[in-house]
There are 2 protein chains.
Amino acid sequence: MTSYPDGALAMLKARGYRVTKPRRLVLEALDQARAPLSPYEVAQHLRLVGERADAASIYRIFHTLEANGLVHRIIANGKYRKCQLAPEDECERHQTQHCHHSLVCRVCGRIEEFHCPGLNLVEQAIAAQTRFAIESHALEFAGVCDQCHAH
Amino acid sequence: MTSYPDGALAMLKARGYRVTKPRRLVLEALDQARAPLSPYEVAQHLRLVGERADAASIYRIFHTLEANGLVHRIIANGKYRKCQLAPEDECERHQTQHCHHSLVCRVCGRIEEFHCPGLNLVEQAIAAQTRFAIESHALEFAGVCDQCHAH
DNA sequence: TTCACTGCAAACCTTTTGCAATTCT
DNA sequence: AGAATTGCAAAAGGTTTGCAGTGAA
């Protein structure tokens, strides 16, 4: 099994991007992070770890990663989280069809994602009630996660 | 029927806040806006209309309004929208029990809110699948509204 | 070698804070 | 008059941009 950084860099390379040290550093930071990170936070984190990359570069890297479906934004706070890397040719589909269903812990900030089969019903209800053409959705539950709940 | 600015100011006054010009200006801007606004945008908007209020004050005003349930944040972009003012004694309940169900138009940015009865089922599914204790939720659909869809 | 990418520097936009002046009640 | 609130100024925080230099292919 290849790691997230390796897989992501391989995918970028296959698409004509270059494999660089700053890109690897960002991907590793995301891979290790428990909670989502902003580009700025990645910059700070790297200094803490004795590495460094320019903040401006990190922003550019995040744009590239997002455009290639390797990270996605958490709507609640605008921060980024690594994406699950789909095997080979599923990449394309995975990249364009993100579902953001998150459980955001108020205490530790950690974010779980969950599969949500029931949402289709809600979408159908909307369609029945309004003339709004739904293209995507975002659903977030805030609360307290298992670990924090146990004090 | 009292207007949103009047109602909101009355509620603030009843709670010991003062009725000031900057507060009225912010409330009027929110009342007239089609799309949600950030504090900074309100500051800009006011200049356009020949009025003015200090940006720092507007930020403080938004904090007060949010703390009193008179505005709420749109999760997708962090901007603010006026709340429906509940009649009299329902204020308290309305203030604490916000449900954010929005239809965000990709084209014009306008936001509709909708009532969503089906979401309880989704919450129950989460409860059954995880040990996460849900406190609140946010659900947003992005797409194209009726008006924009008709070119 | 070549061109994508990074680092640097500067500017910009947004938000926050302290303090003195204002203005509601 | 007294206290809450505003305006001002300054700083902090976060993000973007142009350009010259670097390094991956």
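Treat the numbers as computed from the prediction; the structure is a model and nothing was measured. By convention in this document, chain letters (A, B, ...) are assigned in the order of the sequence lines, proteins followed by strands, and residues within each chain are numbered from 1.
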**Asked** Base, sugar-phosphate, or nothing: which does R60(B) touch, judged by heavy atoms less than 4.0 Å apart?
**Response** base
**Asked** So, are R60(A) and D54(A) salt-bridged, with charged N and O less than 4.0 Å apart?
**Response** no
Measuring only between side-chain heavy atoms, which start at C-beta, is [X] closer than 4.5 Å to [Y]?
X      : Y      : answer
K21(B) : E51(B) : yes
L70(A) : L12(A) : yes
V42(A) : F62(A) : yes

**Asked** So does R52(A) get a side-chain nitrogen or oxygen closer than 4.0 Å to the phosphate oxygens (OP1/OP2) of dC8(C)?
**Response** yes
**Message:** It should be established whether S57(B) places a side-chain nitrogen or oxygen under 4.0 Å from OP1 or OP2 of nucleotide dT5(D).
**Reply:** no
Given atom [atom1] of [X] and atom [atom2] of [N], what is their separation to the nearest angstrom?
X      : N       : atom1 : atom2 : answer
L9(B)  : dA4(D)  : CG    : C1'   : 15 Å
L46(B) : dT6(D)  : CG    : P     : 13 Å
K21(B) : dA4(D)  : NZ    : P     : 24 Å
R24(A) : dG23(D) : CZ    : C1'   : 16 Å
K13(B) : dT23(C) : NZ    : P     : 17 Å
F62(A) : dT6(C)  : CZ    : C1'   : 16 Å
I58(A) : dT6(C)  : CD1   : P     : 10 Å
R23(A) : dG23(D) : CZ    : C1'   : 12 Å

Check every atom of [options] against the side chain of [X] and return the nucleotide holding the closest atom.
X      : options                 : result
P22(B) : dC8(C), dC5(C), dG7(D)  : dG7(D)
I61(A) : dT14(C), dT6(C), dG7(C) : dT6(C)
Y40(B) : dG7(C), dT14(C), dG7(D) : dT14(C)
V19(B) : dT6(C), dT25(C), dT5(D) : dT25(C)

**Prompt:** Given that T20(B) and D54(B) both sit by DNA chain C, which one's nearest nucleotide is further toward the 5' end?
**Reply:** D54(B)
**Pairwise 5' ranking along DNA chain C for R18(B) and A56(B), keeping only the more 5' one** = A56(B)
**Item:** Interatomic spacing from CD1 in I134(A) to CZ in F141(B) - rounded to 0.5 Å
**Value:** 4.5 Å
